[in-house]
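Residue numbers count from 1 along this sequence. Because the structure is a prediction, the values reported are computed rather than measured.
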Amino acid sequence: MSTAGKVIKCTAAVVWEPGQPFSIEDIEVAPPKAHEVRVKIVASGVCHTDYHVMSGSVDNIKYPLILGHEGAGIVESVGEGVKKVKPGDKVIPLSLPQCGKCLLCLNPKSNICEKSDFGKYSGLMLDNTSRFTCKGKLIYHFVRTSTFTEYTVLDEISVAKIDDSAPLDKVCLISCGFSTGYGSAVKIAKVEPGSTCAVFGLGGVGLSGIIGCKAAGASRIIGVDTNSKKFTAAKNVGATECINPNDYKEPVHEVLTKMTGLGTDYSLEFVGDTNVMLSALLSTNFASGTTVIVGLAHYTAKMNFNPMVLLTGRTLKGGLLGGCKSKDIPKLVSDLMAKKFDLDGLITHKMPLAKINEAYDVLTKGESLRTILMMSSCE
């Protein structure tokens with residue numbers, strides 16, 4: 001029986017208040033309006049960013065809300081005027097939309113769109129309304145994706161159509177984690193062949209950064225993490241060596257400088273701690289090193305350093321989604337299908353949506369790289 005044009009009742013993980021765990025609830029998902037797409041989510045990755053929001057570390061968030069931004073699914077129905085996708089298409093939600101018309105979209109150096117809700121956190125669709133309700137209450141969206149639900153509604157500019165044969169339980173990582181890590185090396189840092197790189201934080205995103213460094217031709221890739229249990233996985237995807245800062249008396253940036261002579265050519269930070277960000281910066285060659293910070297720090301955190309650190313020639317950069325625009329996402333999926341890279345080494349757990357709190361427990365304990373939440377069938 002067709003569900004197009006009807007309200008769908010399904011299961012979602014709702015965060016009612018900051019600092020509260022996810023609550024599995026029955027929700028209602030309204031039909032898509034003009035230029036919107038309703039998607040049946042098949043799989044969603046467990047990303048640390050959503051944990052930061054759940055725990056209250058991100059400012060200006062509206063509760064209650066449905067988190068999740070690293071998903072993949074199948075189009076259930078479309079609103080009036082939708083041209084990019086049709087029911088049955090496999091798609092990836094985009095936390096960074098691309099309207100293709102604003103000054104930011106038209107700038108080849110930017111992958112942000114003026115219509116993005118990242119940083120604004122209105123929690124609403126472009127028409128300033130929500131498509132979610134639960135127990136008679138409005139439920140807010142998260143960066144207009146909200147993938148911790150069996151069904152979600154997306155603006156057409158927040159959807160990328162992908163290969164019909166793509167495995168959704170893998171390519172969901174391309175929606176955020178893999179693109180962020182890989183792109184930070186290839187597109188933002190622009191790692192060069194024969195260079196030396198340090199990757200701080202060896203979770204799923206950090207390992208994706210290692211894959212990017214290797215693809216770019218780096219000759220030496222040093223993984224850095226306080227959890228030595230992650231070293232095997234890091235080496236399996238391309239790290240040439242790994243170090244644990246806790247194994248040394250001197251600061252890790254001094255260790256890396258001694259290891260490399262003058263410091264690394266590139267350092268990528270995937271932790272979200274300003275002290276680690278500074279260590280990454282100081283570990284690079286003082287005259288020419290490039291550092292990319294990717295981790296999301298607490299909204300009150302500040303980074304302090306002497307300007308001379310940059311004045312001698314270092315470069316400090318940041319970026320979202322690895323600098324990828326929406327057009328890059330289907331290409332990365334095609335590259336995966338062509339076996340240009342492999343995502344199996346990033347996935348350590350698969351769980352049903354009902355175990356989302358357990359999934360975040362193993363993440364925060366450092367026992368997982370990426371957990372994939374699999375959605376059950378809906379009404």
Side-chain angles (χ1 to χ4, degrees), residues 12-13 15 22 39-54 58 65-74 90-98 111 116-118 121 141-154 158-162 166-184 201 203-209 211-212 270 272 294-296 319-326 328-330 332-333 336 341 343-353 355-357 359-360 362-364 368-375:
V15 177
F22 291 94
V39 174
K40 179 179 181 179
I41 297 295
V42 173
S44 185
V46 171
C47 178
H48 227 122
T49 297
D50 300 297
Y51 177 79
H52 289 317
V53 176
M54 181 192 74
V58 180
L65 84 164
I66 296 172
L67 290 166
H69 62 283
E70 187 179 83
I74 300 169
K90 287 186 176 181
V91 295
I92 282 180
L94 302 170
S95 56
L96 295 181
Q98 293 283 303
N111 70 331
S116 170
D117 203 39
F118 194 94
Y121 306 126
H141 297 245
F142 178 58
V143 291
R144 301 197 178 109
T145 51
S146 295
T147 60
F148 291 159
T149 170
E150 294 173 323
Y151 282 90
T152 192
V153 178
L154 310 162
S158 297
V159 176
K161 184 181 182 304
I162 60 172
L168 299 180
D169 59 341
K170 292 183 181 180
V171 299
C172 60
L173 297 184
I174 295 176
S175 183
C176 176
F178 180 77
S179 299
T180 298
Y182 185 87
S184 292
V205 186
L207 264 60
S208 300
I211 294 172
F270 298 107
V294 180
L296 181 65
L320 297 172
L321 201 63
C324 295
K325 288 179 177 281
S326 59
D328 298 316
I329 301 302
L332 285 172
V333 172
L336 172 69
F341 56 81
L343 298 179
D344 289 343
L346 307 181
I347 300 170
T348 52
H349 298 72
K350 286 187 179 180
M351 299 182 184
L353 178 63
K355 291 189 176 181
I356 186 171
N357 287 308
Y360 272 100
V362 296
L363 174 67
T364 55
S368 69
L369 297 174
R370 234 4 173 229
T371 296
I372 306 300
L373 296 173
M374 302 301 297
M375 308 299 159

#### Entry: Donor-acceptor contact present, side-chain Ser179 to main-chain Ile174, <3.5 Å
yes

## Note on the structure
Looking only at heavy atoms, the pair that brings Ala166 and Ile162 closest together is CB-CD1, 4.1 Å

#### Entry: Leu363: partners by side-chain contact (heavy atoms from CB on, under 4.5 Å), with sequence neighbours left out
Val46, His48, Tyr360, Ser368

### Message
Any heavy-atom pair between the side chains of Val58 and Tyr121 that's under 4.5 Å?
### Response
yes

### Query
Who pairs with Leu346 by side-chain contact (heavy atoms from CB on, under 4.5 Å), at least two apart in sequence or on another chain?
Leu173, Phe178, Leu207, Ser208, Ile211, Leu343

### Summary
Between the CG atom in Leu154 and the CD1 atom in Ile92, the distance rounded to the nearest 0.5 Å is 12.0 Å

### Message
Given 3.5 Å as the limit, does a donor-acceptor pair link the side chain of Ser175 with the main chain of Ala72, or not?
### Response
no

### Message
Please give me the minimum heavy-atom distance between Gly177 and Val205, naming the atom from each residue.
### Response
O-CG1, 3.7 Å

### Message
Would you compute the distance between atom OG of Ser158 and atom CG of Asp117 and round it to the nearest 0.5 angstrom?
### Response
9.5 Å

### Message
Restricting to non-hydrogen atoms, name the atom on Leu332 and the atom on Phe341 that form the minimum distance, rounded to 0.1 Å.
### Response
O-CZ, 3.2 Å

### OG-CG distance between Ser95 and Leu320, expressed to the nearest 0.5 angstrom
8.0 Å

### Message
The criterion is side chain to side chain donor-acceptor pair (under 3.5 Å); which residues satisfy it with Arg370, sequence neighbours excluded?
### Response
Glu70

### Summary
Separation between CG (Leu96) and NZ (Lys325), nearest 0.5 Å, reads 10.5 Å

## Note on the structure
In short, Gly323 meets Asp328 closest at the heavy-atom pair O-OD2, 4.4 Å

### Message
Does any part of the side chain of Leu168, heavy atoms only, come nearer than 4.5 Å to the side chain of Ile74, both counted from C-beta?
### Response
yes

### Query
Looking at NE2 of His69 and CZ of Phe118, how far apart are the two atoms once the value is rounded to the nearest 0.5 Å?
8.0 Å

## Note on the structure
Residues passing the side-chain contact (heavy atoms from CB on, under 4.5 Å) test with Lys355, sequence neighbours excluded, are Met351, Pro352, Glu358

### Tyr51 atom OH: more than 12 heavy-atom contacts under 6.0 Å
no

#### Entry: Under 3.5 Å donor-acceptor, Thr145 side chain and Gly68 backbone
yes

### Message
Under the criterion side-chain contact (heavy atoms from CB on, under 4.5 Å), I'd like the reasoning laid out for Phe22 against Val15: C-alpha separation, chi angles, the key distance, then a yes or no.
### Response
CA-CA 5 Å; Phe22 291 94; Val15 177; 3.6 Å; yes

### Message
I need the Cys172 SG to Met374 CE distance, nearest 0.5 Å.
### Response
8.0 Å

### Task
List for me each residue that meets side chain to side chain donor-acceptor pair (under 3.5 Å) alongside Lys350, sequence neighbours excluded, and say none if there are none.
Asp169

## Note on the structure
With sequence neighbours left out, the residues meeting side-chain contact (heavy atoms from CB on, under 4.5 Å) with Ser146 are Ile66, Phe132, His141, Phe142, Thr152

## Note on the structure
For Ile329 and Cys324 the tightest heavy-atom approach is CD1-CB, 4.5 Å

### Task
Grab the two heavy atoms, one from Pro93 and one from Gly71, that are nearest each other, plus how far apart they are.
CD-O, 3.0 Å

